[in-house]
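Below you'll find the structure, written out as structure tokens, and then a few comments.
Owing to the predicted nature of the structure, the values given are computational and were not obtained by experimental measurement.
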Amino acid sequence: MGSEVVELDRKDREILTLLQEDASLPMADVAARVGLSPSPCWRRVRRMEEAGVIKGRVALVDRSKVGPSLTAYAFISLERHEDNVIDQFHEAIRSAPEVTTCAAVTGAVDFFLTVVVPDMEAYERFLRQRLLGLTMIRSINTSFMLREVKSSTAVPL
């Protein structure tokens, strides 16, 4: 899945670094920190949004503050690799709110999923209701997070 790389200069990268740390910063503060006036800074941000460099601005939620959660890492292998089979798998995963990440990967498995649920019973329900009925799945191996050592959404610039 290729995409066109957008040319970014040093100021663009500085702006992105600040916004990745805190997207709620007022544009005047961002501009001052990168040495621009607010209008040119805002134009750069809008250009990066229009080009898809900035995909959105979100609130990052601390899972531990909103209730118990269990993070599972599911490693999925498919029976067959025809386009229609892969498309069906993609569609099933996209409709599963428990899945926060799905990536096609190289190696011994085909897909890596991050699944966030309240507890082990909820993970079992997720397996039974969402995955085990998918006939294209050959195997599912799961590991569970014991402790989060590092978590970041920032792209190194």
*asked:* Restricting to side chain to side chain donor-acceptor pair (under 3.5 Å), what partner residues turn up for Glu124, sequence neighbours left out?
replied: Arg128
*Closest approach of Leu134 and Phe89, non-hydrogen atoms and distance?*
CD1-CD1, 4.3 Å
*asked:* Do Val6 and Trp42 sit in one hydrophobic cluster, given that two such residues count as connected whenever their side-chain heavy atoms are within less than 4.5 Å of each other, even indirectly?
replied: yes
_Least distance between heavy atoms, Asp119 atom then Ala122 atom_ = OD1-N, 2.8 Å
*salt bridge (charged side-chain N to carboxylate O under 4.0 Å, His left out) contacts touching residues 144-157 (sequence neighbours left out)*: none
*Does one hydrophobic cluster hold both Leu132 and Phe111, with members joined at side-chain heavy-atom distances below 4.5 Å?*
yes
_Would you say that Met145 contacts Thr114 through its side chain, given a criterion of any heavy-atom pair below 4.5 Å between the two side chains?_
no
*What pairs with Glu49 under side chain to side chain donor-acceptor pair (under 3.5 Å), at least two apart in sequence or on another chain?*
Arg57
_ILVMFWY cluster, Val115 and Leu70 together (side-chain gap under 4.5 Å)_ = yes
Side-chain polar contacts of residues 21-32 - donor-acceptor pairs under 3.5 angstrom, sequence neighbours left out - could you list them?
residue, atom, partner, partner atom, Å
Asp22, OD1, Ser24, N, 3.0
Asp22, OD1, Ser24, OG, 2.5

*Side chains of Ile93 and Ile76: closer than 4.5 Å at any heavy-atom pair?*
no
*asked:* Strictly by ring pair (Phe, Tyr, Trp, His ring centres under 6.0 Å), give each pair with a member in residues 137-157 just once, sequence neighbours left out.
replied: Tyr123-Phe144
*How far does CD1 of Ile54 sit from CG of Leu19, to the nearest 0.5 angstrom?*
5.5 Å
*Taking ILVMFWY side chains as joined if any heavy atoms are under 4.5 angstrom apart, and letting links pass through other members, which residues group with Leu60?*
Val58
*Tell me the side-chain hydrogen bond (donor to acceptor under 3.5 Å, both in side chains) pairs involving residues 32-41, sequence neighbours left out?*
none
*salt bridge (charged side-chain N to carboxylate O under 4.0 Å, His left out): which pairs involve residues 96-109, sequence neighbours left out?*
Glu98-Arg130
*Could you state the interatomic distance from CD (Glu79) to CG (Asp110), rounded to the nearest 0.5 Å?*
10.0 Å
*Treating Ile, Leu, Val, Met, Phe, Trp and Tyr as nodes and any side-chain heavy-atom pair under 4.5 angstrom as an edge, say whether Leu78 and Leu127 lie in one connected cluster.*
yes
*Which pairs count as ring pair (Phe, Tyr, Trp, His ring centres under 6.0 Å) when at least one residue sits in residues 49-80, sequence neighbours excluded?*
Tyr73-Phe112, Phe75-Phe112
_salt bridge (charged side-chain N to carboxylate O under 4.0 Å, His left out) contacts in which one or both residues fall within residues 37-46, not counting sequence neighbours_ = Asp9-Arg44, Asp12-Arg44, Arg46-Glu50
*Under the side-chain contact (heavy atoms from CB on, under 4.5 Å) criterion, do Gln20 and Val155 qualify, and how do the steps go?*
CA-CA 8 Å; Gln20 286 186 109; Val155 174; 3.6 Å; yes
*If you measure from CG on Leu16 to CD on Glu14, what distance do you get to the nearest 0.5 Å?*
10.5 Å
*Check side chain to side chain donor-acceptor pair (under 3.5 Å) between Arg13 and all other residues, then give those that pass, not counting sequence neighbours.*
none
*Taking every non-hydrogen atom, the tightest pair across Thr101 and Val99*: O-CG1, 3.3 Å
*By side chain to side chain donor-acceptor pair (under 3.5 Å) - contacts of Thr71 (at least two apart)*: Arg63
*If you measure from NE2 on His90 to OG on Ser95, what distance do you get to the nearest 0.5 Å?*
13.0 Å
*With the 4.5 Å side-chain cut-off for hydrophobic clustering, are Leu131 and Val116 part of the same group?*
no
*Side chains of Cys41 and Ile15: closer than 4.5 Å at any heavy-atom pair?*
yes
*For the atom pair CG (Leu113) and CZ (Phe126), what is the distance rounded to the nearest 0.5 Å?*
6.0 Å
*Reported CD-to-CG distance for the pair Glu82 and Asp87, which is rounded to 0.5 angstrom*: 11.0 Å
